[in-house]
Amino acid sequence: MKLLTLNCHAWREENQLGKIDTLAKAIQENAYDVIALQEVSQPTDGQVIRENVKSGNYIIVLLEALQRLGVTDYEYVWDLSHFSYGTYEEGLAILSKHPIEGKRSFFVSHSQDIMKWKTRKIVGASIRYKEELVSFYSCHLGWWHDEEEPFVHQAKSLLEYVQGEERFFLMGDFNNHADFKGEGYEYLIQHGLYDIYSLAKEKDSGVTVQGKIAGWDQNKQDLRIDLILTNQPCQVAYSQVIFNDINRPVVSDHFGVEALVDEE
């Protein structure tokens, strides 16, 4: 099972359409089973396509790029989390090559006001993989030291929601560096989650952010904040960073993470 997670930084990138084409080409060539995307934005003045998805939504433009490459077998889930930069509605998405049997979205932040940029929502989808029902969640959480919207509350809300799932994967931007002791990453691992990176037989540095980006304005080190976590130990052939100018060109202010799971 091939997985990919990426914080897209949608519509805030130079040469955005070219970067979407780069992402689409990677999806075509790697045929990921499930993809989790964060910061998947759409213009507030777009025309409604279905439900709350509007024209100009990053996910729609990506699907159109895939269609030009002959890839038409992905289903998606998208939902709005909050408004950002005044002109965009920012959300999260799951793309799946397999039929989506269940969709869900829910708030994990104290705030449920979509006008507040720190409001956080999770988007999930369930698929059947080799006869097993597996759930996947696209996650974009807050920061450990944020007093207004603390990470611990969001993590607790997320873990309480998924605790009834037999098998699940949490994929996305957790905004907590894996090397920081006593903070969000350790909190998640101590609460029963397994890091795909740690389980992988082959891995690289895992670094997904270099330098200063929004939310990490004082950053002076390489960060591993984009993760794939699961509630069951499993065989992981590899975990590697993608879109870092080493493994394909950069497409966002975050690099992506891809992994091959349940393979010897």
Side-chain angles (χ1 to χ4, degrees), residues 1-43 46 49 53-78 88 90-100 123 125 127 129 136 138 140 169 171-173 196-197 200 202-210 213 224-228 236-263:
M1 178 165 54
K2 289 185 178 180
L3 306 178
L4 170 69
T5 185
L6 173 69
N7 181 322
C8 302
H9 199 222
W11 305 124
R12 306 303 298 175
E13 290 288 314
E14 295 182 2
N15 187 27
Q16 181 68 90
L17 294 179
K19 290 178 177 179
I20 288 175
D21 286 341
T22 297
L23 173 56
K25 187 66 173 176
I27 295 172
Q28 177 203 33
E29 294 179 358
N30 291 316
Y32 300 107
D33 293 282
V34 178
I35 302 165
L37 302 175
Q38 305 84 48
E39 292 193 29
V40 185
S41 299
Q42 64 184 12
I49 297 173
V53 177
K54 298 178 180 178
S55 59
N57 189 308
Y58 182 100
I59 200 73
I60 298 300
V61 179
L62 174 59
L63 288 168
E64 290 171 349
L66 285 168
Q67 188 171 23
R68 291 194 295 271
L69 295 172
V71 179
T72 59
D73 55 349
Y74 278 95
E75 297 185 12
Y76 76 92
V77 180
W78 181 89
Y88 292 98
E90 182 182 310
L92 306 99
I94 296 279
L95 281 169
S96 173
K97 282 187 77 72
H98 308 272
I100 294 175
V123 168
I127 68 165
Y129 184 78
F136 298 85
S138 185
H140 188 192
F169 290 84
M171 305 164 65
D173 174 5
I196 291 300
Y197 178 85
E202 296 182 13
K203 68 190 76 172
D204 53 17
S205 68
V207 169
T208 60
V209 170
Q210 291 181 323
I213 65 169
R224 187 166 79 87
I225 62 177
D226 299 87
L227 311 169
I228 301 176
V236 183
Y238 65 79
S239 172
Q240 62 187 15
V241 176
I242 188 172
F243 309 120
N244 60 351
D245 267 345
I246 299 171
N247 180 13
R248 299 184 186 265
V250 167
V251 298
S252 173
D253 61 349
H254 288 242
F255 307 147
V257 176
E258 60 180 4
L260 180 60
V261 177
D262 288 347
E263 303 287 344

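Side-chain atoms of Asn247 come within 3.5 Å of backbone N or O of Val241 as a donor-acceptor pair. Panel note: side chain Asn244, backbone Phe255; no donor-acceptor pair is recorded below 3.5 Å. In terms of modelled atom types and a separation under 3.5 Å, the side chain of Tyr129 and the main chain of Met1 share a donor-acceptor contact. Between the side chain of Asn30 and the main chain of Tyr32, no donor-acceptor pair closer than 3.5 Å is present. Looking at Ser252, its side chain does come within 3.5 Å of a backbone N or O of Asn7 through a donor-acceptor pair. Here the side chain of Tyr197 pairs a donor or acceptor atom with the backbone of Asp204 at under 3.5 angstrom. One N or O on the side chain of Trp78 and one on the backbone of Val40 form a donor-acceptor pair closer than 3.5 Å. Proximity of a side-chain donor or acceptor of Glu75 to a complementary backbone N or O of Ser96 within less than 3.5 Å is not detected. Between the side chain of Glu13 and the backbone N or O of Asp253, at least one donor-acceptor pair lies under 3.5 Å.
A perpendicular orientation is assigned to the rings of Trp11 and Tyr58, their planes being inclined by more than 60° (bins at 30° and 60°).
A cation-pi contact links Lys97 to Tyr74, judged by a cut-off of 6.0 Å to the six-membered ring centre and 45° from its axis.
The closest side-chain heavy-atom distance from Gln38 to Thr5 is below 4.5 Å. Counting heavy atoms from C-beta on, the side chains of His98 and Asp33 come closer than 4.5 Å.
Within a 6.0 Å radius of CD in Glu29, more than 12 heavy atoms belonging to other residues, nucleotides or ligands are found.
In this structure, CD in Glu39 is found 10.0 Å from CZ in Arg12, a value given to the nearest 0.5 Å. Atom CG of residue Leu23 and atom CG of residue Leu4 lie 7.0 Å apart, to the nearest 0.5 angstrom. For the atom pair NZ (Lys203) and CD1 (Ile196), the distance works out to 10.5 Å, reported to the nearest 0.5 Å. Taken to the nearest 0.5 Å, the CD1 atom of Ile27 stands 11.0 Å off from the OG1 atom of Thr22. Atom NZ of Lys25 is separated from atom CG of Leu66 by 11.0 Å, given to the nearest 0.5 angstrom.
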_Intermediate values then yes/no, side-chain hydrogen bond (donor to acceptor under 3.5 Å, both in side chains), Gln16 and Lys19_ = CA-CA 5 Å; Gln16 181 68 90; Lys19 290 178 177 179; over 6 Å; no

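Closest of all the heavy-atom pairs between Ala259 and Ile228 is CB-CD1, 4.2 Å. Here the closest heavy-atom approach between residue Ser41 and residue Ala10 is recorded as N-CB, 3.5 Å.
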